[in-house]
Amino acid sequence: MLAFILRRLGQSAFLLIAMAVLVFVSIFAIGDPIEVLLPADADQNEREAAIRHLGLDQPLWMQFAHFVWNLLHGDLGKSFVFGSDSLSLILGRLPATLELALVALILAALIGIPLGLIAGLKSQTWIGRLIMTTSIVGFSLPNFWFGIVMILVFAVQLQWLPSGGRGPTDTLFGIEFSLLNPQGWVNLIMPAATLAIYKVSLVIRLAYAGTREALLQDYVRFARAKGLSSSRIIGVHILKNILIPIVTVLGLELGSMIAFAVVTESVFAWPGMGKLLIDSIARLDRPVIVAYLMLVVTLFALINLCVDILYSVLDPRVRLSEGQS
Amino acid sequence: MSVLLDVQNLSTHFFTRAGRVPAVNDVSFSIGAGQVLGLVGESGSGKTVTGLSIMGIVDPPGRIVSGSIKLDGQELVGLDEAHWRKIRGNRIAMIFQDPMMTLNPVLRIETQMIETIKAHEAISDDAARQRCREALGNVGIPSPEERLSAYPHQFSGGMRQRVVIAIAMLLRPSLIIADEPTTALDVTIQAQIIAQVQKLAAETGTAIVWVTHDLAVVSGLSDRLAVMYAGRIIEEGATEQVLNFPRHPYTRGLLDSLPINNQRGQPLNQIPGATPSLLALPKGCAFAPRCALRQEDCEQGSIVETFHKEGRRWTCLHPVQDRAR
Amino acid sequence: MSVSAASSTTRSAIKIETPLHMFWADFCANRIALIALAVVSVLALISVLSPWIAPQNPYDLTQISIFDNMLKPLQRSQEGKLFVLGSDEQGRDMLSAMMYGLKMSLFVAITATTAALCVGVSLGIIAAYFGGRVDAVLMRLVDLQLSFPAILIALILLAVLGKGVDKVIFALMLVQWAYYARTVRGNAMVERRREYIEAAQCLALPRHRIIFRHLLPNCLGPLIVVATVQVAHAISLEATLSFLGVGVPITEPSLGLLISNGYKYILSGKYWVSIYPGLLLLLTIVSINLVGDHLRDLLNPRLKA
């Protein structure tokens, strides 16, 4: 197990280095930040001062060496716009995004698994077909537009929920959580639901396919032949088999949730790092974009590692073959 | 000898989009306590569905459309699910063909054994575990205590089938339906498993319906033999009589095509043609198109009547007259 | 008697039909999928014909008047023209803008998907046929790419490249090719071991002929499904990118950009500018996905029985 984790860590480290090069090279090509940062009537002296201040006058390889050196010290440069350290800027927005993504993930599992299970068990009835057809609509809904419709219905027409923003939060261990504040829940529910809708459909389809597959297996037949109740067969024999792929996929989808939060956060003005990324792209704030990418790549590597470990814990077949090798 | 299982005019049909498939049609047979009945037929002849019907676990779109199944005088057809569940695994057990598929891959052996006992008896975990350990020992699994906490994939195919047999025998059923339990196994293992089942059945007085396509397997095992073709029993009688003096040309064809009844250098005897589609059965005798003894009256009428004589029966107008080779 | 005779003749009649006919008959058995296919066809037709059937050309400044801005649905302009779905902040007829937007959305998505299909299929089949190091390198690349969400890759890429229809198409192609490569490779790896490929090799047929005339046609089924779903995905992705402001330019708006334009009026209750384009977008994507979903069921041999 330890060797397995170490090997995966090595792979992740390699991925990080590759991404660092890629990120730097590509970001270097983004527009000219000076055009954006300085007022249009700035004179030549002011321009040169700004270029020197931002280190843009040095050759590319120097900038890259500088970048890597600073990267190793956890310094990803100062934001052109905010003037503060870009990594801490991003990290400051991380909890809001993570909270949003995790709540959406849990929503997706809680809604998707039972619905998919029902659809799989009753695949020949109208209820099964209804769930599966609805899931295609959920699959197709453009995320941002669904958010807009939610705002129109619940914030503008019914005026039940605020149209955006994070609202009040409570602090635990120095980190702000919306979940700890009842008013925070009100602000969280729409963005989380919007982010979850696509994954709900995904989970429904996974659970549906898994259930139908399991129903054809001899072990389900044998379980019935043993005289087990259908609740035991569904709750233990089928559920345990379908949960393994679902948990794995959901874990991997956490990364895509964080990425998709870019859209949801833009619609609901949720102060997470996705919103910061979009703002930074608009303002050509290069260091913040780099910091975001490096952080996201690190997160993805971490998530993949955790999912691999989780998978091997869940599935006895994998557990054994790892132990033997 | 008292009659344990009495099946009368059982018909199980599948209602598919292509039409009604009479997988089991007007099947009657009975078994005395402790007897072994060999149910022989090609794949698709309805022998497995007969077994599933007796267990009451025919999956939709199939269902029992008519007939009667009596266990110790108790009618099973029309029983509600809760009552039928109490009989399954308890008074009738079933063993399936492929031991690789019969056990749930993600549950420990002990989980799958204990749940069987607990489905029928109020018993403590410790007592149930004790019984499982004994049951594993009885089917010849070494160090049962350790094996209890193993997962199915840690066993070989033969060992898995032993586990399945142990589960089937856990509640001392009066009848076991063994659906080709040795087909998926190596020949040497096959013999071991057959010997094991024979010994256990003899010790506990359990009756067996041994479903197989292999006449050689059941010939040394069964008291009586029933041969199925296209959903019907076409010949039934004491094993010795049927093997030595088959009356139905199909039974004769099966016997002739056994390699042991063929001579070296001669082409293998075979039955020409293929089993008819159950969706489009020919008029009269279903076997007539392939039959060498066919006469005009074979292909008239809806079905051929059954002839009874000296404790055996056959469904053929022009039965075989000479003895088998 | 007559019934069985009739049924046996219909059965034999079906048997002599081509596989394509049988496939079509199977497809028509699902009413929802058939309706969805009809909707997709109508939408495609509308988008192609939009310059001729739209009430106005929304990008011809001589045809629009700023005085007609933000009209509600079914309101008439000062000149008495009817705006069925209202107008936007510049006085453009929403219905016409949506038709043109649909054209742009479909054009971008279909072009990108076709390009990605060509690139992905070529690389995938090369990986499968040659195996070894070529396969390893290509598949690592696919794994790497698929481990990152498409939206993120496209977003960063467009941030680098800037706006433009061609750039959006390029970005969409780049995030899609890996799906095809993986699908084709997976299938081709199975097909490659079949006897007919061995037979073709024994006949010493040229390599490109074996690959494109023997191997590829047998991998088509899953590809069709993936391509259908990916067109829907590409439409959605393009709309999202345009909404985020890195997609198509303001002069050639797609449905996504129309929604984005209406977004700022949502809070004042002027719903039509972004709700109607969104409904059209949803209808398009759902219809394509329904078709794709049914195709998947039909082409999945495991569900056939």
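Using a 4.5 Å cut-off between heavy atoms, A/Leu252 makes no contact with chain C at all. Interface residue C/Leu279: backbone and side-chain heavy atoms are both found under 4.5 Å from chain A. In this structure, chain C has a heavy atom under 4.5 Å from the side chain of A/Ile278, while its backbone stays farther away. When heavy atoms are compared at a cutoff of 4.5 Å, C/Ile275 approaches chain A by way of both its backbone and its side chain. Using a 4.5 Å cut-off between heavy atoms, C/Ala232 does not touch chain A at all.
Screening residues 156-172 of chain C for side-chain hydrogen bond (donor to acceptor under 3.5 Å, both in side chains) gives no qualifying pairs among residues at least two apart or on separate chains. The stretch residues 238-264 of chain C participates, sequence neighbours left out, in these ring pair (Phe, Tyr, Trp, His ring centres under 6.0 Å) pairs: A/Phe144-C/Phe243, C/Phe243-C/Tyr263.
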(request) Report the C-alpha distance between C/Met104 and C/Val165 in whole Å, list the side-chain angles of each, state the deciding distance to 0.1 Å, and finish with yes or no for side-chain contact (heavy atoms from CB on, under 4.5 Å). (result) CA-CA 9 Å; C/Met104 179 50 83; C/Val165 175; 3.9 Å; yes

Exercise. Carefully, step by step, assess C/Leu146 and C/Tyr179 under the rule side-chain contact (heavy atoms from CB on, under 4.5 Å).
Key: CA-CA 8 Å; C/Leu146 291 184; C/Tyr179 292 98; 3.8 Å; yes

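With contacts defined as side-chain heavy-atom distances shorter than 4.5 Å, the pair A/Met190/A/Pro162 does not qualify. Between A/Val153 and A/Trp160 the shortest side-chain heavy-atom distance does not fall below 4.5 Å. Side-chain atoms of A/Lys275 and A/Trp270, non-hydrogen and from C-beta on, never get closer than 4.5 Å to each other. Looking at heavy atoms from C-beta onward, C/Ile224 lies in side-chain contact with C/Thr228 at the 4.5 angstrom threshold. For the pair C/Leu43 and C/Leu102, the minimum side-chain heavy-atom distance is below 4.5 Å.
Of the possible polar contacts, none joining the C/Glu252 side chain to the C/Gly101 backbone as a donor-acceptor pair under 3.5 Å is found. Here the side chain of A/Thr97 pairs a donor or acceptor atom with the backbone of A/Met273 at under 3.5 angstrom. The main-chain N or O of C/Leu174 is found under 3.5 Å from a side-chain atom of C/Trp177 such that the two form a donor-acceptor pair.
In this structure, A/Arg93 places its CZ atom where more than 12 heavy-atom neighbours from other residues, nucleotides or ligands lie under 6.0 Å away. Within a 6.0 Å radius of OH in C/Tyr265, more than 12 heavy atoms belonging to other residues, nucleotides or ligands are found.
In terms of heavy-atom pairs under 4.5 Å with chain A, the best-connected choice from C/Pro149, C/Ser260, C/Gly256, C/Ser236 is C/Pro149. Contact tally against chain C (heavy-atom pairs below 4.5 Å) for A/Ile258, A/Val267, A/Asn143: the top residue is A/Val267. Options C/Thr284, C/Ile285, C/Val246 differ in how many heavy-atom pairs under 4.5 Å they form with chain A, and the most are formed by C/Ile285. Among A/Phe146, A/Phe139, A/Phe300, the residue with the largest count of heavy-atom pairs under 4.5 Å with chain C is A/Phe300.
Proximity to chain C at a heavy-atom threshold of 4.5 Å picks out A/Thr133, A/Ile136, A/Val137 from residues 127-137 of chain A, in numerical order. Proximity to chain C among residues 198-210 of chain A is limited to A/Arg205, judged by heavy-atom separations below 4.5 angstrom.
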